[in-house]
Amino acid sequence: MRRPLAALTPGIAARAQELYADELDRTRRFTDRMFACLMVLQMAFGIVAAFVISPRTWIGADSYTHVHVWASLGLGSLIASAPIVMVLARPGAASTRHVIAVAQMLFSALLIHLTGGRIETHFHVFGSLAFLAFYRDTRVLVTATVIVAADHFIRGVYWPQSVFGVLTTSPYRWIEHAAWVIFEDVFLVISCRQSLWQIMLGAARTAELEDSISGVERQVAERTNELAVARAQAEQASEAKSQFLANMSHELRTPLTAIIGYAETLDDDEEHDPLERKQALETVNRNAKHLLGVINDILDLSKIESGRVDLERIACAPASVIEEVASMSRPRATAKNLEFTTAVDYPIPKSITSDPLRLRQILLNLVSNAVKFTETGSVSLRARFDASGSDSGVFVVEVRDTGIGMSRKQLDIVFRPFAQADSSVSRRFGGTGLGLSIAGELARLMGGRIEAASEPDRGSVFTFSLDVQEAGLEMIESAEEVTYVRESHKAPLPRLDGSVLLVEDGPDNQRLISYLLGRAGARVELASNGKAGSDLALERLGEGRPFDLVLMDMQMPVLDGYAATHRLRSRGYKGVVIALTAHAMSDDRQRCLAAGCDDYLAKPVDRRRLIETCAEWLGRVREGSPPRRESA
Amino acid sequence: MPKSTPRARVGIGLGIGVWCSLVLSGFLALIAYADRPGEVGTPPETWPAEVSIAPDPTAPTLLVFLHPHCPCSTATMDELERLLGEARGDVRTILVYGRPSGEGDAWASGGLWERGVRIPGATRVIDAGGRLASSFGATTSGHTILYDAEGRLVFHGGITDSRGHEGASYGRAALRDAIDGLPISTPTLPVFGCPLVRDGTSAEACELCGEGAP
């Protein structure tokens with residue numbers, strides 16, 4: 001009976017066994033009830049038969065209730081009583097089945113006896129055995145058979161008239177009767193076993209089906225849950241993006257309002273006071289730079305999300321970076337009347353290998369954030385190095401403020417893109433909500449992390465940690481040992497000496513860039529598209545008076561900058577070509593270099609960077625054949 | 001199915017044992033009852049002269065004494081019909097149905113009276129007060145008595161082997177042989193049936209009566 005379970009897993013096999021036992025128990029209880037009814041029916045039949053056939057007996061002229069009536073009432077009830085009690089008290093129990101088997105065979109014996117051993121009444125035995133086979137318990141058949149055989153043996157030998165209807169018979173006739181019973185038993189046993197096999201097979205299939213359904217239901221529940229989570233996330237993201245777009249609109253419109261408003265004011269026909277004019281220009285400049293910052297944030301996030309952030313691994317001095325961040329942030333803090341302090345807990349490494357620009361961006365974002373959300377009190381920047389060995393440790397920068405702080409819930413989402421603490425924060429303080437997200441992602445990409453702790457209305461602490469592990473870490477013990485790399489934007493702009501071809505389709509940019517280069521000393525010629533530009537460059541080359549430098553806009557009509565540069569290079573042009581493009585999304589720099597450009601400048605044009613880059617390349621040209629730059 | 005406690009198992013075993021004993025006792029009592037014959041009287045060796053009916057001088061005369069309402073004598077009637085069908089010799093059969101003196105003949109009508117019609121060549125007579133039965137010494141329903149043509153007693157007894165049980169029996173075989181004129185080894189056999197109606201005979205007064213019919 002174990003074979004149907006052989007191919008099942010233990011869990012399913014156990015469940016199949018359980019179902020098998022349940023089904024058998026249900027079948028046996030049902031059969032118990034059927035037999036209980038049969039017992040009552042047989043008893044009632046006996047009583048009715050006694051009343052009909054021989055209700056009374058006679059002694060001369062007097063009549064009395066026949067003994068058979070009393071026998072049917074007494075003995076019939078007695079035989080039926082035990083199985084009925086067992087069915088009521090112990091339904092489904094093996095003992096109940098065996099008592100029923102005994103009682104049923106006793107009813108057969110009684111019937112055979114009362115009919116004087118009529119052979120037809122022996123069929124009651126066969127019918128009863130078939131009914132007992134409903135139990136699917138071959139042991140019950142054994143019990144019944146033993147009772148039948150014993151009854152036939154005892155009565156056949158001592159009272160043959162009672163069982164065979166004859167006065168004399170062979171003492172072995174009971175064996176023949178028992179053999180016929182066994183003959184039937186053989187088929188009933190086979191039937192029982194087949195039935196048990198079918199029940200077990202059904203149980204195994206049901207168990208497998210249940211397991212399968214359970215698996216499917218579990219999967220459906222999991223998927224439903226995942227979908228619900230995904231939907232919630234999507235809705236949250238959608239809401240965040242909607243909020244972001246609203247903020248962006250505000251962030252873009254605000255500086256644009258100032259830029260356009262002041263530009264229109266300066267463009268009217270009225271005479272302007274020089275001080276007013278200077279203030280207006282400063283406002284335009286400041287708002288334009290703010291606008292550029294917003295756009296740069298979006299581009300940074302886009303690069304991070306698309307996994308296209310290229311990090312440099314060059315030597316960088318942590319103390320210098322701290323000093324730069326402090327010097328860049330101090331004016332804003334001071335403007336808000338905030339106390340701004342910087343401290344470095346020496347010793348710290350003199351130099352670590354990292355991306356100094358991104359490191360500065362992270363720290364600037366943290367400090368800017370602190371200044372932004374602090375109305376009164378202070379903002380402090382503190383750095384230290386937690387050494388864990390001679391060649392390793394953690395560079396830690398802590399930015400602490402006494403600002404509005406955040407709740408636990410707000411802390412949970414503070415590093416999510418497009419998410420500020422809440423929309424009221426956006427309205428009150430402005431910003432896109434991208435700064436911390438960008439800082440967090442950049443820190444992660446650099447192998448570091450940012451942790452935040454905050455209390456509402458008491459302030460926040462953002463801690464940037466960067467794991468450092470490199471051989472030969474040189475430590476500095478005090479501020480005196482720090483060599484600051486000062487930005488050179490206060491130095492005078494270099495002078496340009498050379499000819500420059502500006503290939504640019506935008507009239508405004510043509511005017512602006514020509515003006516800037518011309519003021520710096522360059523001789524500038526213009527071309528309005530890539531074909532005209534490349535033709536002019538090749539023509540001058542053919543004439544033996546090539547341009548010293550070509551500034552090539554990359555997106556132009558007729559022939560764009562990529563194709564024009566490729567055309568130049570394919571025709572043997574060796575001169576310097578610097579890409580000038582507003583494409584600052586992802587790998588445009590690499591695309592430009594791959595097209596044959598020597599360098600790359602992003603729009604909007606930074607005057608100092610433009611002049612310095614051109615000066616550098618013109619200097620190389622003067623020194624001889626300039627090597628192709630691999631990076632700028 | 002919850003497991004029973006050892007105590008419960010003992011209780012169940014004892015209960016089943018008592019039940020089996022009672023059922024067995026009941027069966028034994030029933031079998032014993034079925035095998036207990038009625039009182040067998042002794043008929044006269046020759047046909048009594050005082051009775052109103054005379055023997056057939058050409059053939060044996062078979063007298064069958066019956067209680068008209070005795071259920072076990074149905075088997076006697078069936079066996080008698082079977083026997084007469086099997087016997088080769090001629091026989092005059094008289095079915096004697098007893099009735100109390102105070103009752104009319106209608107008292108004797110019923111199953112066995114009607115059943116007598118089917119016995120081939122049988123004559124049915126009513127024995128008021130059981131006088132014929134007394135004359136022939138019959139006390140139990142189903143008592144058969146065979147006299148030869150000369151009026152000599154040949155056989156008497158029952159032709160069933162237990163109460164109301166049909167089937168081959170020593171009595172039937174012996175009576176058939178006697179009718180056929182063959183020698184018989186057991187001229188007297190027990191009779192299974194109700195006590196016959198005889199004046200002055202009641203349950204209390206009848207010392208010879210067997211118990212009721214099957």
Side-chain angles (χ1 to χ4, degrees), chain A residues 21 24-25 28-29 50 53-68 70-71 74-76 78-79 81-83 85-86 89-96 98-99 102-103 106 109-110 113-118 151 154-155 158-169, chain B residues 1-2 4 8-9 12-13 15-16 18-20 22-24 26-27 29-31 33-35 67-72 74-75 98-100 102-103 107 130 141 160-171 194-206 209-214:
Chain A
L24 264 189
D25 186 57
R28 287 169 176 170
R29 285 169 185 261
I53 296 169
S54 53
R56 302 190 72 77
T57 188
W58 293 80
I59 297 176
D62 302 322
S63 76
Y64 303 89
T65 300
H66 199 284
V67 169
H68 282 183
W70 296 120
L75 192 56
L78 183 63
I79 292 173
S81 63
V85 168
M86 292 293 282
R90 295 172 55 80
S95 54
T96 302
H98 288 281
V99 168
V102 172
L106 290 176
L110 186 60
H113 168 75
L114 292 178
T115 58
R118 278 172 64 91
D151 172 54
I154 295 168
R155 286 199 291 153
Y158 298 102
W159 300 283
Q161 177 84 6
S162 167
V163 66
F164 300 130
V166 294
L167 191 61
T168 56
T169 185
Chain B
M1 185 67 217
S4 355
R9 283 200 291 274
I12 291 167
I16 292 172
V18 169
W19 174 71
C20 286
L22 290 173
V23 170
L24 189 61
F27 263 96
L30 204 57
I31 291 171
Y33 163 77
D35 268 5
H67 188 299
H69 303 301
C70 181
C72 7
T74 304
R99 72 162 168 79
E103 301 286 351
W107 187 89
S141 180
T160 61
D161 279 333
S162 62
R163 289 180 185 272
H165 284 189
E166 296 177 39
S169 66
Y170 294 122
C194 309
L196 288 171
V197 174
R198 295 170 68 177
D199 278 348
T201 304
S202 66
E204 293 76 19
C206 181
C209 296
E211 292 96 40

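Here is how names work: the chains are called A, B, and so on, in the same order as the sequence lines, proteins then strands, and each is numbered from 1.
Rounding to the nearest 0.5 Å gives a distance of 9.0 Å between CD1 of I154(A) and CD1 of I31(B). Atom-to-atom distance recorded for L75(A):CG and L24(B):CG is 10.0 Å, nearest 0.5 angstrom. The distance from atom NE2 of H66(A) to atom SG of C72(B), rounded to the nearest 0.5 Å, is 5.5 Å. Rounding to the nearest 0.5 Å places CD1 of I79(A) at 4.5 Å from CZ of F27(B).
The heavy-atom pair separating R56(A) from P71(B) by the smallest distance is O-CG, 3.5 Å.
For A109(A), the parts lying near chain B are the backbone and the side chain together; criterion is any non-hydrogen pair under 4.5 Å. Both the backbone and the side chain of A103(A) come within less than 4.5 Å of a heavy atom of chain B. Both the backbone and the side chain of L30(B) come within less than 4.5 Å of a heavy atom in chain A. Within the 4.5 angstrom heavy-atom criterion, only side-chain atoms of A71(A), from C-beta onward, approach chain B. Interface remark: L106(A) contributes backbone and side-chain atoms alike to the contact with chain B (heavy atom separation under 4.5 Å). With a 4.5 angstrom heavy-atom cutoff, R118(A) does not touch chain B via any of its atoms.
Contact annotation: the side chain of W19(B) approaches that of V102(A) to within less than 4.5 Å [non-hydrogen atoms, C-beta and beyond]. By the 4.5 Å heavy-atom criterion applied to side chains, H98(A) and I16(B) are not counted as neighbours. Between H69(B) and S63(A), every side-chain heavy-atom pair lies at or beyond the 4.5 Å cut-off. Between I12(B) and M86(A), the closest side-chain pair of non-hydrogen atoms falls below 4.5 Å.
Using cut-offs of 30° and 60° for the angle between ring planes, the W107(B) and W58(A) rings count as perpendicular.
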